[in-house]
Every structure is written in structure tokens, then in C-alpha cells.
Amino acid sequence: MSGAAALDSSKFVETIDRQLAHRKVELSNLLLMVREENPDPARLSCFARSAIVLTYAHWEGFVKQGSGAYVKYINGAKIRVSDLKFPFQAAYVSSAFKRATQSEKSRYLGELLEEIDRRRGEIFSISPDKCVDTESNLSSKVFAEIVRGIGLDVLPIYEMRSAFIDQRLVHARNQVAHGELVSFDALDVEDRVKGALKLIDTYADQLKTAVVDSAFMQ
């Protein structure tokens, strides 16, 4: 715990806030673009379709980078693996499991247990990619796996907004990115931007609170 306390949590909070500020500015600009009075229909369609893709990009980008920053913060705390929550312990010793999967002989299983026990006494440090994988699409299921993978709770708002994530963020983005000639209006864009910002803000607050409270500790 002393390692965690030695770190300046305010720097992590500043990092997250900078990320938020940049994304909020761009998303706000997208709203301004589609809200112009008496827009040319072709121009509005282009702006709206672009906004759909960028809104999803900010959703995935923040979850990936914010979660990665959280793991890097824990790396910097110099904490023993055994003192961290089990998802971090599992991520740290996962390579040992992979080597043992091809044999069921007790000797190999014994060596596996011995290695896991030894490695749990080491100082935690892993690549964020071991805990944070947005896969090809950051669906509600993938997002929940990331949240659990870094030892946090899947909040009720994430579950309530699962259909929004899957349909209005992921599916809509895929339609545009895969070349489908679907159209969206200003209300469609506003709904997605505001919904994405709510989710991003909630997740940012959860990450910041977790750092301040050392929620990653066992």
C-alpha cells in the first residue's frame, strides 16, 4: 500500500481530465456542425455521417486510453502482485497458465502452482494490453469485460445503456464505416453524442475515484 500512497493521484486525474477536455471539444464542435440553420441536405448528411463515426471513435478511444492509463498508474505504484485484486494477479501470471495448458500431468501442474506462488510475490508491472482489449468493436459486452478485467464494478448505468452502446454507437458506426448509404439527421447525432458523453463522463469518474481510493488493492 505504501507504493500506491507514494504516487500522486492528482496527476492521474489531470491526465483523465485532459483526455475528457479534448474529446468534449471535438464532440461539441460536431453538434455545432449539424445544428446550423437551413443546412444544405447533402452537407448535413456528410456532417452527420462523419459525426456518427467520430462519436464512436471517442467512446472507444477514451475507454482504451483511460483504462490503459489506470493500469500504468498501478504499474508505477510498485505494488506486490499478491496485494492487488485478483484480475490483476491473473493478468500477471497468465503466461504461466498458457505454458501448462498442454499437459495434465501432476508434475507440470505442481510446477505451475509453484510458479504462480512465486510470481505473486513479485512487483506488479504489465502491458495495459493484457487487461484492455477493445477487440474489433467496443460493444457493451467487451466494455464490461474490460471493466471487470481491471478490477472495477460494472455500474448499473452501463447495463441500462447496453442497447444504446450496441445499436446506436457500434452498429451505426459500422454501417457508415462499411460503406452503407444510411442517413442520419441532427437529432440522431445529438442523441449519440450526448449518450456517449454521459458514458465517458461516468467511466472517467469511476477511474478517478478508483485511483484516489486505491480500489485496485486486495
Side-chain angles (χ1 to χ4, degrees), residues 1-19 60-159 162 165 199-200 202-218:
M1 186 67 180
S2 59
L7 281 182
D8 185 358
S9 60
S10 65
K11 290 184 179 179
F12 175 83
V13 172
E14 289 172 4
T15 297
I16 295 299
D17 285 343
R18 281 197 301 271
Q19 279 248 1
E60 178 180 312
F62 180 77
V63 169
K64 185 172 185 177
Q65 294 184 21
S67 303
Y70 183 62
V71 176
K72 289 178 182 177
Y73 177 88
I74 298 168
N75 284 344
K78 307 298 181 185
I79 305 168
R80 279 193 314 175
V81 174
S82 60
D83 291 333
L84 291 169
K85 284 187 173 179
F86 286 123
F88 293 110
Q89 295 190 40
Y92 188 81
V93 302
S94 61
S95 58
F97 283 102
K98 291 175 183 177
R99 290 196 299 273
T101 53
Q102 296 181 343
S103 176
E104 294 182 0
K105 292 183 179 180
S106 60
R107 178 173 71 85
Y108 293 110
L109 295 176
E111 290 175 355
L112 169 63
L113 292 173
E114 183 179 359
E115 180 174 359
I116 290 174
D117 189 57
R118 174 182 58 78
R119 298 198 69 192
R120 288 179 71 245
E122 296 176 353
I123 298 300
F124 179 85
S125 182
I126 64 170
S127 168
D129 293 340
K130 278 198 169 186
C131 298
V132 184
D133 182 6
T134 57
E135 301 184 18
S136 57
N137 291 297
L138 186 58
S139 65
S140 60
K141 180 180 177 181
V142 173
F143 175 53
E145 289 174 353
I146 290 173
V147 174
R148 293 190 186 99
I150 58 174
L152 299 178
D153 294 328
V154 176
L155 302 178
I157 186 176
Y158 304 152
E159 296 175 333
S162 61
I165 294 170
L199 286 166
I200 289 171
T202 301
Y203 191 48
D205 288 342
Q206 187 178 17
L207 289 171
K208 290 187 287 187
T209 299
V211 161
V212 171
D213 294 345
S214 296
F216 42 82
M217 301 295 288
Q218 183 72 277

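All figures in this text were calculated on a predicted structure; none of them were measured in a lab.
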Student: I'd like to check I126 versus V71 (side-chain heavy atoms, cut-off strictly below 4.5 Å). Are they in contact?
Tutor: yes

Student: What pair of heavy atoms forms the shortest contact from G149 to P87, and how long is it?
Tutor: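 So the minimum-distance heavy-atom pair works out to O-CB, 3.5 Å.
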
Student: Would you mind reporting whether Y73 and S9 have side-chain heavy atoms less than 4.5 Å apart?
Tutor: yes

Student: For F124 and N75, work out which heavy atoms get closest and say how close.
Tutor: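 That closest heavy-atom pairing would be CE2-OD1, 3.3 Å.
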
Student: By side chain to side chain contact (heavy atoms under 4.5 Å, CB included), which residues pair with Q65, not counting sequence neighbours?
Tutor: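 Side chain to side chain contact (heavy atoms under 4.5 Å, CB included) list for Q65, sorted by chain: Q19, R23.
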
Student: Could you grab the distance from atom CZ of R119 to atom CD of Q89, nearest 0.5 Å is fine?
Tutor: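 Between atom CZ of R119 and atom CD of Q89 there are 12.0 Å.
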
Student: Once side chain to side chain contact (heavy atoms under 4.5 Å, CB included) is applied, do any residues pair with A210, and if so which ones, sequence neighbours excluded?
Tutor: Y70, L152, A215

Student: Is there a donor-acceptor contact under 3.5 Å from the side chain of D133 to the main chain of E135?
Tutor: yes

Student: I need the S127 OG to K72 NZ distance, nearest 0.5 Å.
Tutor: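 Nearest 0.5 Å value for the OG-NZ distance: 8.5 Å.
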
Student: Could you check F12 against L207 for side chain to side chain contact (heavy atoms under 4.5 Å, CB included), going step by step and ending with a plain yes or no?
Tutor: CA-CA 9 Å; F12 175 83; L207 289 171; 4.2 Å; yes

Student: With rounding to the nearest 0.5 Å, note down the distance linking CG in L199 to CD1 in I165.
Tutor: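 If I round to the nearest 0.5 Å, the distance is 5.0 Å.
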
Student: If you measure from OG on S10 to NZ on K208, what distance do you get to the nearest 0.5 Å?
Tutor: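 One finds 12.0 Å between OG of S10 and NZ of K208.
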
Student: Before we go on, tell me: are the rings of F88 and F216 under 6.0 Å apart, centre to centre?
Tutor: no

Student: To the nearest 0.5 Å, tell me how far I200 CD1 sits from D205 CG.
Tutor: 12.0 Å

Student: A quick test of your reading: do over 12 heavy atoms of other residues, nucleotides or ligands sit less than 6.0 Å from CD of E114?
Tutor: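 Result for CD/E114: open.
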
Student: Without swapping roles, check the side chain of T209 against the backbone of Q206 for a donor-acceptor pair under 3.5 Å.
Tutor: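 No, the answer is negative, given that no donor and acceptor are paired below the 3.5 Å cut-off.
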
Student: Side-chain contact, heavy-atom cut-off 4.5 Å: L138 with I146?
Tutor: yes

Student: Is the F62 ring parallel, tilted or perpendicular to the Y203 ring (thresholds 30°, 60°)?
Tutor: perpendicular

Student: Got a donor-acceptor contact below 3.5 angstrom from the E122 side chain to the V81 backbone?
Tutor: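 No; judged by distance alone, with no hydrogens or angles, the pair does not exist.
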
Student: Given side chain to side chain contact (heavy atoms under 4.5 Å, CB included), test V154 with R148 step by step and report yes or no.
Tutor: CA-CA 7 Å; V154 176; R148 293 190 186 99; 3.7 Å; yes

Student: For K64, does the NZ atom sit with more than 12 other heavy atoms under 6.0 Å from it, leaving out its own atoms?
Tutor: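 No - once you tally the heavy atoms of other residues, nucleotides and ligands closer than 6.0 Å, there are 12 at most.
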
Student: Quick one: do N137 and V142 satisfy side chain to side chain contact (heavy atoms under 4.5 Å, CB included)? Show the steps, please.
Tutor: CA-CA 8 Å; N137 291 297; V142 173; over 6 Å; no

Student: Working to the nearest 0.5 Å, report the span between CD1 of I79 and CD of Q218.
Tutor: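 That separation rounds to 11.5 Å.
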
Student: Where do A204 and I16 come nearest, in terms of heavy atoms and distance?
Tutor: CB-CG2, 3.8 Å

